[in-house]
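What follows is a single structure, written as C-alpha cells, with notes after it.
Side chains are part of it too, since the values below use all heavy atoms of this structure and drop only hydrogens, waters and symmetry mates. Along the sequence shown, the residues carry numbers beginning at 1.
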Amino acid sequence: MSKLSGITPSGHVHLGNYLGAVRRWAREGGADDLYFVADLHGMTTPHNPAKLRSLAREQLAVLIAAGIDPERVFVQSDLARELGALTWVLECTCNYGEAARMIQFKEKSKGQAGVRLSLLTYPALMAADILLQGADEVPVGEDQRQHVELTRTLAKRFNGTCGEVFTVPHAVLPPAGARVKDLADPTRKMSKSARDAVGVVFALDEPDQIRRKIRRAVTDGGSVPVHAPETRPGMANLLEILAACRGGSPAELADEFTSYGAVKDAVADAVVEELRPVRSQALALLDDVAELDRVRKAGAERARERGSHRLDAALRMIGAN
C-alpha cells in the first residue's frame, strides 16, 4: 500500500505543520510513500511567482531536513508536463457539475469579483497528482475528503469507459497529530498564511525569535497552569505543544508547573530543541544550491518514472496517441 501527501507553499512551514504532519511523515512513512511540495496548487489565487518559487525550495529543504528520505520527495511543478497532460484527460472525464459542487470552490469563490478557472478545475489537478503516482491511500483532512471522492469517481469512470489504468484510491484520516493553535489567538489554528506572524512559530525561526513568540503567547485568567481547552485555550495550547515535543499528556505536564511563566520557558526550550536540527540541516541545504538542485532533480525523475506508464496508457486509451 502506498500513500501520497502534499504540502502547499502558501507560506513558511510552521510548528503546526511540522508537529502535525511533517514529523509523522519522516517517522512513519513507508518505502512506497511519496511526499511532494504542491506549488502548482498555490497558483489558483493571485500570488508572487518569485516568492512561490522560493517557498517551494524552502519547503523541500525542510521536508528532507526533517528526516524524510530524499528518494520519496519531489516538487509538483517539476512534473508539470505530465500533470498537465493527465489533468486534461481527467477534465475530459469530469462533468462541470461535479467540479462546481466542490465545497472549497464554493467557499473560496463566494463574493469574489473575478475567480480563476483554476480554482474550479483544481480538483482535477489533485486527482492527477494522486492517480499519476498510483497511490492507494491519501491522508487528508475533512476539507479535502470531497476531492479524493471525486478522484475515485473519475478513476472508476475512466477505467470503466476506456480501460483499466488507474488505482482507485481511498481517503484516510491521518492519525491525530498536534493541533497547534496561533499563540496570539488560540481560538484559531496556526497558519502559514496568517496576516500577523507574531503568533506563528516557523520551522526556520532563530531560537531567540521562538523564545520571544512563546513568551508573548496569550494566556488566560488564573494563576495555576491547568489543561482546560474550553476555558483556558491559551494555556492548553502551550501544554499541548509541550506534550508533542516532550511526550506525555498535557494534563499531567500541567501538574509539573506552578506558574504560567515556567510553562512558557519549558515550551520555548522544548520547541527550540525540537526544531534545532531541522533548522540547521534545512539552512545548510538551502545554502548548498547544487546539492538541493541535485536532490530535487533526482526526486522528480523517480516520480516521473513511477507515473509515466500510467500517463502513456491513459493517453493511448483516450485516443491521444
Is [Y] reachable from [X] through a run of I, L, V, M, F, W or Y residues, each pair having side-chain heavy atoms under 4.5 Å apart?
X: L120; Y: M126; value: yes
X: L239; Y: V272; value: yes
X: F166; Y: M317; value: yes
X: M43; Y: L117; value: yes
X: V295; Y: L60; value: yes

### Message
Does R211 form a salt bridge (charged side-chain N to carboxylate O under 4.0 Å, His left out) with D265? I'd like the steps, not just the answer.
### Response
CA-CA 8 Å; R211 294 184 188 280; D265 287 342; over 6 Å; no
Should [X] and [Y] count as side-chain neighbours, where that means a heavy-atom distance under 4.5 Å?
X: L63; Y: W25; value: yes
X: T87; Y: T121; value: no
X: N17; Y: V62; value: no
X: D129; Y: L40; value: no

Distance check, rounded to the nearest 0.5 Å: [X] atom [atom1] versus [Y] atom [atom2]?
X: L173; Y: R145; atom1: CG; atom2: CZ; value: 4.5 Å
X: Q59; Y: L55; atom1: CD; atom2: CG; value: 6.5 Å
X: R306; Y: L34; atom1: CZ; atom2: CG; value: 4.0 Å
X: E149; Y: Q144; atom1: CD; atom2: CD; value: 12.5 Å
X: L4; Y: D32; atom1: CG; atom2: CG; value: 12.0 Å
X: R72; Y: F36; atom1: CZ; atom2: CZ; value: 14.5 Å

### Message
Evaluate Y260 against M235 for side chain to side chain contact (heavy atoms under 4.5 Å, CB included), listing each step before the verdict.
### Response
CA-CA 8 Å; Y260 281 21; M235 178 51 58; 3.5 Å; yes
### Task
For side chain to side chain contact (heavy atoms under 4.5 Å, CB included), just list the numbers for V37 and R296, CA-CA rounded to whole Å, side-chain angles, deciding distance to a tenth of an Å, and then say yes or no.
CA-CA 11 Å; V37 178; R296 176 172 176 169; over 6 Å; no
### Message
Is a donor from one side chain sitting under 3.5 angstrom from an acceptor on the other, for H170 and R152?
### Response
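Per modelled atom types, H170 and R152 side chains form a pair under 3.5 Å.
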### Message
Under 3.5 Å, is there a donor on one side chain and an acceptor on the other for E240 and H227?
### Response
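Yes, because at least one side-chain N or O of E240 sits under 3.5 Å from a partner of the opposite role on H227.
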### Message
For F202 and H12, take the angle between the two ring planes, folded into 0 to 90°, and tell me which bin it lands in: parallel under 30, tilted 30 to 60, perpendicular over 60.
### Response
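Judged by the thresholds at 30° and 60°, the geometry between F202 and H12 is perpendicular.
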#### Entry: Mutual orientation of the aromatic rings belonging to Y122 and H147 [parallel < 30°, tilted 30-60°, perpendicular > 60°]
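Answer is perpendicular, since the angle exceeds 60°.
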### Carboxylate-amine/guanidinium contact E291 R294, below 4.0 Å
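Salt bridge: yes.
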### Query
Is E273 paired with R276 through a side-chain N to carboxylate O contact shorter than 4.0 Å?
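Yes, charged N to carboxylate O under 4.0 Å.
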With distance as the sole test, does [X] use its side chain to make a donor-acceptor pair with the main-chain N or O of [Y] at under 3.5 Å?
X: K264; Y: R215; value: yes
X: R232; Y: D220; value: no
X: D182; Y: R188; value: no
X: D69; Y: E71; value: yes
X: E82; Y: S308; value: no
X: K213; Y: V200; value: yes
X: N237; Y: P186; value: no
X: N159; Y: A155; value: yes

Minimum heavy-atom separation for [X] and [Y], please, with both atom names.
X: A266; Y: L242; answer: O-CD1, 3.8 Å
X: T167; Y: L131; answer: O-CD2, 3.4 Å
X: V201; Y: M190; answer: N-SD, 3.7 Å
X: A124; Y: E91; answer: CB-CG, 3.8 Å
X: A135; Y: S2; answer: CA-OG, 3.5 Å
X: R116; Y: T45; answer: NH1-O, 3.3 Å

### L83 and Q76: CA distance, side-chain angles, deciding distance, side chain to side chain contact (heavy atoms under 4.5 Å, CB included) verdict
CA-CA 8 Å; L83 289 171; Q76 185 186 32; 3.6 Å; yes
### Message
Name the residue from R23, R24, E274 that meets the side chain to side chain donor-acceptor pair (under 3.5 Å) definition with Y18.
### Response
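By the side chain to side chain donor-acceptor pair (under 3.5 Å) criterion, Y18 pairs with just one of R23, R24, E274: E274.
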### Message
The test is side chain to side chain contact (heavy atoms under 4.5 Å, CB included); show your working for E28 and K3 and say whether it passes.
### Response
CA-CA 11 Å; E28 303 174 6; K3 298 184 180 69; over 6 Å; no
### Query
With sequence neighbours left out, what residues match E256 under side-chain hydrogen bond (donor to acceptor under 3.5 Å, both in side chains)?
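Per chain and number, E256 pairs via side-chain hydrogen bond (donor to acceptor under 3.5 Å, both in side chains) with R246.
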